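Model, not experiment: these values are computed from the prediction.
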Amino acid sequence: MSDHAETPSRGTDFIRQKVRADTAAGVYDGNVVTRFPPEPNGYLHIGHATAICLNFGVAEDFGGRCHLRFDDTNPEKEDEEYARAIQEDIRWLGFDWGEHLYFASDYFERMYECAVVLIEKGLAYVDSQPLEAIREGRGTVVQPGVESPYRSRTVEENLDMFRRMRAGEFADGTHVLRGKIDMAHPNMLMRDPVFYRIRHAEHFRQGDEWVIYPLYDYAHCLEDAFEGVTHSICTIEFENNRELYDWVLDNVGFQEPRPHQYEWAGLDLEHAVLSKRAILPLVKAGVVSGWDDPRLSTISAFRRRGVPPEAVRLLADLVGVSRAPARTEESKLEFAIREVLNPVAPRVMAVLDPIKVVLTNWDGTQPSELEAPYFPPDIDRPGSRMVPVGPELWIERSDFAEDPPKGFRRLVPGGEVRLRYAYVIRCDEVVKDESGEVVELRCTADLASRGGTTSDGRKVKGTIHWVDAGRAVDAEVRLYDRLFVDEVSEDENAEPLDPMDRLAPESLEVVHGVKVEPSVRKDDPETRYQFERVGYFWRDPVEGRGDTLVFNRIVGLKSGWRSPAKDAQARENGSDEGGKDRASGRSTGVSGRNEKSRKGGGPAPGTRPGVSEERSARRAADPALAERFRSYQEEMGLSEEYADLLSGRPETGDFFEAALAEHDDPETVSSWLVTDVRALLDGRTLEDLPFGGAEIGRLVGLVARGDVSRRAGKDVLARMAEDGGDPAEWVERLGLTRVGADELGPFVDRVLADWPDKVEAYRAGKTQLIGLFVGEVMKATGGAADPKAVRALLTERLDG
RNA sequence: UGGCCCGUCGUCUAAGGGCAAGACACCGGUCUUUGGAACCGGGAAUCGUGGUUCGAAUCCACGCGGGCCAACCA
């Protein structure tokens with residue numbers, strides 16, 4: 001596994017970058033605490049597995065710890081059994097939470113106290129509207145909500161009502177505790193969210209101790225804060241919840257450094273059936289055998305199928321971490337499984353669809369068994385077993401063709417093939433039954449070719465697997481394929497959802513009468529094999545560990561050859577299921593980046609580029625702003641876009657004009673404001689910046705007069721954004737006073753000498769390398785050179 | 001008719017003002033007693049339009065496309 005350390009995302013993904021930055025800055029005193037917080041209401045699936053890898057992985061990478069916390073705030077859905085299964089799954093994946101096992105329900109008392117704090121601050125109230133009224137009052141995404149008539153209850157009344165809610169005086173649904181935030185908030189979650197509801201239900205850990213239960217948005221952030229979590233990582237659908245997460249923590253009174261929430265996209269794996277909504281009916285209807293049916297994508301299904309935990313972790317590394325909505329191809333999972341299994345799975349022979357071969361020249365003087373190594377030469381592992389051999393053998397039906405397709409390398413009438421580890425045989429006669437079905441092949445063995453090499457040096461291309469007919473053991477083999485013919489829609493609004501209608505007819509193929517070499521009987525039942533030329537298999541842990549051998553196919557082998565006929569057929573019906581032997585079946589991906597790769601067109605007809613409706617509306621309401629909009633364009637000559645941006649709010653215009661007071665060049669100043677200053681806002685407003693318009697004006701002046709290069713000016717700006725201060729002082733402090741054009745020569749020569757191969761490439765036509773050279777010179781001068789002059793000099797030296 | 005987030009090879013990611021990189025998949029070759037593995041090679045991308053800049057995948061704006069949000073679920 002260690003040789004996968006080069007996977008690019010690991011260590012450089014945006015979450016780890018943030019954690020690294022925090023650690024370097026000494027936030028949280030260098031501690032890193034993450035958590036995996038499942039609700040114990042179902043089984044974990046492959047998506048959870050990647051989240052587990054992320055949370056535990058980040059903690060591991062930074063010497064921190066990762067908690068396992070059950071988010072058991074909803075008594076109606078949760079169960080001890082799920083909590084137990086979840087722990088088993090995480091351990092199986094190879095992660096350990098040590099003593100840090102927590103239950104959200106253990107914090108109920110502290111959460112209650114926090115709610116009292118909010119009520120006392122006038123930031124929470126008891127709402128006694130029925131559920132429907134609360135829902136309607138919330139408005140819609142395009143319409144503000146309306147305030148509840150109970151919103152103005154006094155603190156005393158709220159305190160009393162909340163206490164009585166807890167005391168069990170009210171029936172379910174009669175009252176809730178809500179945050180008092182803003183019923184017109186553009187983020188729906190901020191429209192007075194419900195924090196507590198009344199539920200007279202038995203909690204699997206708390207019994208009937210509580211009749212009020214906190215909701216996710218109120219509870220989760222507190223749980224993190226109680227535990228000292230530093231980085232609370234969740235999936236992207238919670239990004240709208242972050243604002244509320246922060247609101248609760250800040251208003252309850254948690255000071256920085258407190259936990260912060262970060263969202264990533266999570267895993268979406270092709271053909272994986274993940275949602276409880278999709279799986280439950282399948283289990284109930286008996287379409288699958290249970291939550292661990294190997295066709296599902298639960299962790300327990302993976303485990304039962306035989307997927308090694310290392311493969312799941314490798315998949316997580318391969319997929320990486322980002323915020324972009326994306327879907328991973330199934331082939332990546334298959335690669336991860338093969339990658340892990342190839343070096344460790346002993347090779348053994350099994351014939352799934354047997355046809356008899358009779359060796360007509362076998363006279364009984366040959367050895368009755370052969371030694372065969374468990375691993376091919378390229379895998380440096382010891383071990384071998386004896387393989388029985390005799391006059392009657394089984395080979396794979398698909399390894400014989402009476403009328404072979406082009407490129408077929410196996411047994412044909414009159415042709416030769418090698419039996420792996422054994423002899424080269426020639427097919428002399430094809431025996432058929434009355435229906436024309438081939439029932440037996442009569443062959444002669446080149447008895448001098450024992451071990452597989454011919455004595456006269458003639459080449460035999462094909463090698464096939466086989467087992468001795470007399471001593472083979474019978475087995476059942478289960479081949480799994482995807483459950484549905486199409487992608488399962490996880491969209492609950494999609495109407496034609498019923499998954500039952502889209503079940504693939506042969507997602508499970510049970511093959512009886514499989515012939516396996518007898519050595520497997522004595523092996524550890526946990527052994528994961530490679531059945532040579534067929535795939536990776538292990539004995540089903542539930543039904544295959546007794547006297548009868550039942551093998552699950554974990555994954556097929558990668559197939560390097562497709563018969564031309566089947567290939568053509570696959571192309572024709574648009575199937576991605578290529579023509580390979582049933583026994584080794586594999587799947588390749590159909591894909592599409594959410595259909596999103598459609599190239600964007602130009603501006604829609606009739607729209608006016610560059611002017612925001614929000615800002616237009618504000619100007620319509622404020623004549624002063626409207627006047628600025630006009631004068632910026634007509635008197636200063638700014639573009640409509642820039643004028644719009646700078647006249648959207650009074651503060652923006654003030655800032656701009658303060659800058660102009662220092663350096664009266666509207667065009668240049670506006671350009672700095674719109675592009676460079678806006679860039680470092682990142683959600684903040686101009687007023688949050690530790691400097692004002694005057695400082696920007698002075699900075700622009702410095703650059704305009706040529707005291708510093710524009711490049712250096714941007715460096716100064718970045719420092720000012722962090723620490724405030726005066727631009728001229730920063731120039732001094734950072735040593736950015738411009739290096740004159742006449743001093744540039746040595747720097748340029750040096751860079752050119754340091755990159756001889758790039759210089760050659762440049763002269764050969766790769767002119768974009770000029771950027772590299774300029775960048776290097778800039779670096780060498782500490783950013784103080786004027787890049788325009790550098791570029792000019794560089795071009796002169798390179799071209800001239 | 002809103003708010004927030006996201007658009008880089010077929011797919012998943014990297015680079016986050018200065019050489020568009022890696023992996024999977026695909027194609028070709030070498031080797032091979034697994035049509036496996038390994039090795040070598042190849043094709044293959046910055047959603048569009050403007051702007052800022054010596055230089056833009058990266059910063060700004062608009063557009064296009066995708067995701068999330070109106071449970072007393074999490």
Side-chain angles (χ1 to χ4, degrees), chain A residues 6-9 12-13 39 41 71 73-74 77 131 134-135 138-143 145 172-173 176 186-189 191 194 196-199 215-216 220 236-240 263 265 318-329 331-332 335 338 342 347 376 378-379 409 418 420-421 451-453 460 462-463 465 530 532-533 557-561 588-589 591-604 607-612 639 641 644-645 671 674-676 678-679 710-711 714 758 761 766 768-776 778 786-792:
Chain A
E6 80 278 13
T7 47
S9 61
T12 64
D13 63 76
E39 182 184 17
N41 71 341
D71 217 350
T73 57
N74 184 356
K77 291 161 58 182
L131 187 148
I134 290 178
R135 187 178 299 159
R138 192 143 30 220
T140 70
V141 289
V142 291
Q143 275 179 316
D172 289 4
V176 293
N187 180 352
M188 296 291 297
L189 289 167
R191 323 246 260 226
V194 175
Y196 273 92
R197 81 281 212 185
I198 302 172
R199 200 97 321 163
L215 274 90
Y216 171 85
H220 200 93
I236 198 87
E237 67 267 25
F238 288 97
E239 63 181 331
N240 297 316
E263 311 89 26
L318 253 22
V319 169
V321 179
S322 82
R323 289 175 68 84
R327 162 160 293 204
T328 295
E329 287 181 349
S331 62
K332 196 156 281 183
F335 167 81
R338 294 186 191 114
N342 176 50
R347 271 60 169 177
D378 55 293
I379 293 171
R409 281 207 226 149
R418 177 167 34 243
R420 175 123 240 231
Y421 308 118
T453 31
V460 177
T463 301
H465 59 280
Q530 185 193 105
E532 291 209 53
R533 303 208 309 130
L557 252 34
K558 185 172 168 170
S559 171
W561 184 77
T588 51
S591 44
R593 199 185 246 272
N594 292 329
E595 264 51 61
K596 78 184 168 199
S597 37
R598 238 183 310 290
K599 307 302 177 192
T607 60
R608 207 159 44 126
V611 175
S612 138
S639 67
E641 176 194 335
D644 171 49
L645 255 15
S671 150
V674 167
T675 57
D676 301 303
R678 273 181 86 89
R710 199 194 129 86
R711 162 62 174 257
K714 291 187 71 169
K758 299 294 182 186
K766 197 171 172 170
Q768 67 263 43
L769 282 169
I770 191 75
L772 170 69
F773 301 134
V774 175
E776 288 301 314
M778 293 304 293
D786 173 16
K788 212 184 293 186
V790 173
R791 193 188 187 95

Visitor: In whole Å, I'd like the distance from the NZ atom of A:K332 to the P atom of B:C12.
Guide: 8 Å
Visitor: A:E532: which residues meet the salt bridge (Lys or Arg N to Asp or Glu O under 4.0 Å) condition with it, sequence neighbours left out?
Guide: A:R420
Visitor: Is a donor-acceptor contact shorter than 3.5 angstrom present between the side chain of A:R710 and the base of B:U53?
Guide: no
Visitor: Can you list everything that forms a side chain to side chain donor-acceptor pair (under 3.5 Å) with A:E237? Sequence neighbours excluded, please.
Guide: A:T235
Visitor: What N/O pairs connect the protein and nucleotides 58-60 of chain B at under 3.5 Å? Give each pair on its own line.
Guide:
residue: B:C59; atom: O2'; partner: A:T675; partner atom: O; Å: 2.8
residue: B:C60; atom: O3'; partner: A:R678; partner atom: NE; Å: 3.2

Visitor: Would you kindly give the CZ-to-C1' distance between A:R347 and B:G35, to the nearest whole Å?
Guide: 15 Å
Visitor: In whole angstrom, what separates A:L772's CG from B:A20's C1'?
Guide: 13 Å
Visitor: Given B:G2, B:G3, B:G18, identify the nucleotide with an atom nearest to the side chain of A:R711.
Guide: B:G18
Visitor: Check salt bridge (Lys or Arg N to Asp or Glu O under 4.0 Å) between A:R710 and all other residues, then give those that pass, not counting sequence neighbours.
Guide: A:D676
Visitor: Got a donor-acceptor pair under 3.5 Å from the side chain of A:Q768 to the base of B:G18?
Guide: no
Visitor: A:F773: what forms a ring-ring contact (aromatic ring centres under 6.0 Å, His included) with it, not counting sequence neighbours?
Guide: none
Visitor: Could a donor-acceptor pair under 3.5 angstrom be found where the side chain of A:E239 meets the base of B:G3?
Guide: no
Visitor: Rounded to whole Å, how long is the line connecting atom CG of A:L189 with atom P of B:G2?
Guide: 19 Å
Visitor: Got a sec, which residues hit ring-ring contact (aromatic ring centres under 6.0 Å, His included) with A:F238, two or more places apart in sequence or on another chain?
Guide: A:Y216
Visitor: For A:S322, which residues count as a side chain to side chain contact (heavy atoms under 4.5 Å, CB included) partner, sequence neighbours excluded?
Guide: A:A324
Visitor: Take the protein atom CZ of A:R191 and the nucleotide atom P of B:A71, then report the distance between them rounded to whole Å.
Guide: 11 Å
Visitor: Within the stacking criterion (centroid distance below 5.5 Å, interplanar angle below 30°), does A:Y216 stack on B:A74?
Guide: no
Visitor: With side chains defined as the heavy atoms from C-beta onward, is the minimum distance between A:R347 and A:I379 less than 4.5 Å?
Guide: yes
Visitor: Considering only the P atoms, how many Å lie between B:A56 and B:G22, rounded to the nearest integer?
Guide: 24 Å
Visitor: Specify the separation, in whole Å, of atom CD of A:E532 and atom P of B:G36.
Guide: 13 Å
Visitor: Write down the distance separating the P atoms in B:A44 and B:C9, rounded off to the nearest Å.
Guide: 14 Å
Visitor: Please state how far atom NZ in A:K714 lies from atom P in B:G18, giving the value in whole angstrom units.
Guide: 10 Å
Visitor: May I ask you to evaluate whether A:R138 reaches the phosphate of B:C72, defined as a side-chain N or O under 4.0 Å from OP1 or OP2?
Guide: yes
Visitor: Looking at A:Q143 and B:U1, is any side-chain donor or acceptor paired with a base atom of the opposite kind under 3.5 Å?
Guide: no
Visitor: Taking side chain as C-beta onward, heavy atoms only, is A:H220 less than 4.5 Å from A:T73?
Guide: no
Visitor: Which residues pass the side chain to side chain donor-acceptor pair (under 3.5 Å) test with A:R418, sequence neighbours left out?
Guide: A:T463
Visitor: Taking Watson-Crick (N1-N3 plus N6-O4 or O6-N4) and G-U wobble (N1-O2, O6-N3), each under 3.5 Å, can you produce the dot-bracket string of RNA chain B? Use [ ] for crossing pairs and | for inter-strand ones.
Guide: .((((((..((((....[..)))).(((((.......)))))....(((((..]....))))))))))).....
Visitor: Kindly indicate whether the side chain of A:K558 and the base of B:G35 share any N or O donor-acceptor pair separated by less than 3.5 Å?
Guide: no
